[in-house]
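Order of appearance sets the numbers: ligands from 1, and atoms from 1 within every ligand. All heavy atoms count here, side chains included; hydrogens, waters and symmetry mates do not.
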Amino acid sequence: MTTIAAKLQLVHQRIAAACTAAHRGVGEVQLLAVSKTFGPEAVREAHAYGQRAFGENYIQEAVEKIALLGDLPLEWHCIGPVQSNKTRLVAAHFDWVHTVDRLKVAQRLSEQRPEGRPALQVCLQVNIDGGPTKSGVAPRDVPALAREVAQLPNLQLRGLMTIPEPCDDFEGQFAVHRRTRALFDELRDQGLALDTLSMGMTADLEAAIAAGSTMVRVGTAIFGSRVKPTGA
Ligand SMILES: *Cc1c(COP(=O)(O)O)cnc(C)c1O
C-alpha cells in the first residue's frame, strides 16, 4: 500500500472511532481530503483508494489542478477565502463553497454559476470564536445572512463551516464546536433545511465529530505536512 492509501485508512479509522464514541453512525460523517499545495498526482492516488471529495484553498492553484484531473469524477470544494474578483472562477469550477461570509459574494456566485450546472452547494463560514484576524460571519449575523442566501436561485445553502483557533485539548476544542452546533440547530429550528456542519481538521476531528460535525476537512493526516502555502 502507498503512503497516501495507508494514511487515508488511518483517517477513516479515526473517523469511525470518533463516531462510535459519540454514538453516531459512521456514514454520518464525510471526509473531505484537503489537497492544497499537493499536486494532481497526489489527488489521483487518493482517488484510486476511494476518495472523491477534495478541498482547495487557493483558487488559481485549484483551477489548474481541476483541469488536469478532468478525467476523474471528483467533487471539488472551495475552502479558502473568496474575494469578489474570484467569484466567477469559483462559480465555474467548484461544486461546493464552504467560505461564504457576505451577501455580495453569495449573490455573485449565484449570478455567475454557469447555466446547466447544478446549484452550487454552499456553507456559511462562521467566526465562532471571534478570532480578530479571521474571515467569517459573526454568529449573531448568521441567521439573517442564511435566510438571504437560501433565497438565491443558483445556490443551495447546506450549512455552516468554521476554522476555530488551534487548541490542544479535546475539551476546549469540543466547547467551541458545540457552539457552532447550537447555532446550526437554531437555524434548523427556524425552518432552514440544512444538513452540513463542516468542522474538524487533522488536529481536532474527534472533538468536531463529538459535537456533531458531518464533514471533516483533513489535509496533513492524508497528504503529509505542507511545505509552504502557495500564494496565500
Ligand atoms: C488547510 C485546511 C484544512 C486542513 O488542515 P489540516 O490541519 O492539514 O488537516 C482544513 N480546512 C481549511 C479551511 C484549511 O485551510
query: Does atom CZ of Arg88 have more than 12 heavy-atom neighbours, drawn from other residues, nucleotides or ligands, at distances under 6.0 Å?
result: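 Incorrect, the count does not exceed 12.
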- prompt: CD of Glu165 to CG of Asp129: how many Å apart, nearest 0.5 Å?
  reply: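 The CG atom of Asp129 is 5.5 Å from CD of Glu165, to the nearest 0.5 Å.
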Hydrophobic cluster (4.5 angstrom, side-chain heavy atoms) - remaining members for Phe174: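 Members other than Phe174 - counting any ILVMFWY side chain reachable under 4.5 Å - are Phe170.
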task: Quick one, list the residues around ligand 1 where some non-hydrogen atom comes in under 4.0 Å, by chain and residue number.
output: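 Ligand 1 pocket, heavy atoms under 4.0 Å: Val34, Lys36, Asn57, Ile79, Met161, Ile163, Met201, Thr202, Arg217, Val218, Gly219, Thr220, Arg226.
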- request: Provide the full list of side-chain hydrogen bond (donor to acceptor under 3.5 Å, both in side chains) pairs with a residue in residues 166-180, sequence neighbours left out, each pair given once.
  value: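 Matches after skipping sequence neighbours: His177-Asp204.
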- prompt: Taking side chain as C-beta onward, heavy atoms only, is Leu69 less than 4.5 Å from Trp76?
  reply: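 Yes, close enough: below the 4.5 Å cut-off.
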What pairs of donor and acceptor atoms, side-chain ones from residues 211-219 against any protein atom, are under 3.5 angstrom apart with sequence neighbours left out?
residue, atom, partner, partner atom, Å
Ser213, OG, Leu197, O, 3.3
Ser213, OG, Met199, O, 2.7
Ser213, OG, Met215, N, 3.2
Ser213, OG, Met215, O, 3.3
Thr214, OG1, Leu197, N, 2.9
Arg217, NH1, Thr162, O, 3.3
Arg217, NH1, Ser198, O, 2.8
Arg217, NH1, Ser198, OG, 3.0
Arg217, NH2, Thr162, O, 2.9

